[in-house]
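Have a look at the structure below before the remarks.
Hydrogens, waters and symmetry mates are skipped; everything else that's a heavy atom, side chains included, is used. Whatever order the structure lists ligands and atoms in, that order sets their numbers, starting from 1. Sequence positions, counted from 1, serve as the residue numbers for this chain.
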Amino acid sequence: MAKKKTTYVCTECGVTHSAWSGRCFSCGAWDTIQEEVVDVSSSPNLPQGQSVATPLSEVSTESESRILSGMAELDRVLGGGIVKGGVMLIGGSPGIGKSTLLLQICKTIGQGRKILYVSGEESARQIKLRADRLQVISDSLLLLCETNVESILENIRSEKPDVVIIDSIQTMSLTDITSSPGSVTQVRECTSVFTRMAKLADIPLFIVGHVNKDGAIAGPKVIEHIVDCVLYFEGERHSSYRLLRCAKNRYGATDEIGMFEMTDQGLLEVENPSLLLLSGRPTNVSGICVACTIEGSRPVLAEVQGLVSPSTFGNPRRMSTGFDNYRLALLLAVLEKRAGYYFSNLDAYVNVIGGLTLTEPAADLPIALALITGLKDVPVSDGIAAFGEVGLTGEIRSVSNANARIAEAARLGFTKVIIPHHNLQGLASHDDIEVVGVKTIQEAFEAIS
Ligand code: TYD
Ligand code: MG
């Protein structure tokens, strides 16, 4: 008789607990622990392969050749295209556009390749309607509406597709596992089985995983360690712009982002993100500054805003969106102690426009300038951009990729860029933009006012 064991698993991080509790001790999430009954006597019927140790020099890398998805934004985030045998997880909230993105790439990758699109959520008719709208017309695209993993594997064995898409992993189930689809055990085991299949058959596999806040189903975090590449599709509900962010990539860099716009013809690539992020920017007002940042391998200009207002409580509030709160507190302390700008009885808010998150130190100077111009109420000319790291003594420190940042600002018509003084050394000549090197925050403020 099958031996059963009850465990309590966190749907957010996947950690197993011996008893139920209101809060996961590992990740700190509330109300995410679910009871699961696991069968400990039998293991799922996994596809078996012959394992033979091979010298590294004899391992063939021919199959590493990449398939281009036809969407440059996606290919760049993946590190240069889809790797054969690679397992790519696309996570995101329901309705963000994961299925749309995958159906759209079928248009290009389906040319000369057989794709198996497995959907556990939509009927073949619904997918066909969407494919018609997205103008994905392909005879090599096979639809399979199925949630049973064994049956899907059977189809893969018989059809021998070149690419497999699983939409979504939370609907899939293995018959040997008693817990319900979407539970941590099911999601993990199904992913392991699909991953093993992708490696053995050397076919790329896309897995869709819903990010779910209420903890009823296991999130994509619980399978991040199994897959090769983790992409998160992000965006605000009321905005049509979407960011594709890479959280893990065994075949490329993880700091790349891709930008898309959701339209009635599906997702469109945003080739010029700086132009989009700066559109509709207020001109000649105080409390804003344009930051020259690097996202992955490309320069992106982003507008940062700082708001300073009298505090009504004893403890002034410091809040930021798209910028680290601790870094903001540190910057305010430096501005006060080293540069003589007093914020101690004022609330300070920072906002990065367009849903971007600025993590690199080069964003320090533009954020400091946005706060100071907000404090002094000095309007900033719309032709000015800035970048640089602010040190604890109030000095402006050099950052990498100065030439690429300045060139992007010049390309977008900026007339003046404020950079760290040390970056002036070895700088290429930029004729179409005035480059001002500054050593301190005061110098930077003088350069813009
Ligand atoms: P979908 O890809 O189904 O989301 P997910 O698979 O991540 O749950 O995206 C659905 C949303 O996208 C829905 O709100 C409608 C919108 N959408 C468009 O705006 N235009 C389109 O052409 C398509 C196909 C969807
Ligand atoms: Mg979907």
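- Closer than 4.0 angstrom to ligand 1 lie heavy atoms from S93, P94, G95, I96, G97, K98, S99, T100, R130, R133, L134, H210, M262, T263, D264, Q265, G266.
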Could you give me the CA-CA distance, side-chain angles and deciding distance for Q34 and E36, then say whether side chain to side chain donor-acceptor pair (under 3.5 Å) is met? CA-CA 6 Å; Q34 299 271 313; E36 278 186 20; over 6 Å; no
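- Checked against side-chain contact (heavy atoms from CB on, under 4.5 Å), K248 has the following partners two or more places apart in sequence or in another chain: V230, R250.
- With sequence neighbours excluded, the residues forming a side-chain contact (heavy atoms from CB on, under 4.5 Å) with I226 are R188, T191, S192, T195, I223, listed by chain and number.
- Using a cut-off of 4.0 Å between Lys/Arg side-chain N and Asp/Glu carboxylate O, E234 and R242 are scored as not salt-bridged.
- Under 4.0 Å is where a charged nitrogen must lie from a carboxylate oxygen, and between R298 and E408 no such pair does.
- Shown here are the protein N/O/S atoms lying under 2.8 Å from the Mg ion (ligand 2), water excluded: S99 OG.
- Judged by the 6.0 Å distance and 45° axis criteria, R405 is positioned over the aromatic ring of F387.
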- Would you sort out whether D347 and R318 count as a salt bridge (Lys or Arg N to Asp or Glu O under 4.0 Å), showing the intermediate values? CA-CA 6 Å; D347 291 341; R318 276 86 174 81; 5.5 Å; no
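- Look at R157 and E150 and you find no salt bridge, because none of the NZ, NE, NH1 or NH2 atoms lies under 4.0 Å from a carboxylate O.
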Show the numbers, then the answer: is there a side chain to side chain donor-acceptor pair (under 3.5 Å) between S311 and R317?
CA-CA 7 Å; S311 179; R317 297 189 78 182; over 6 Å; no
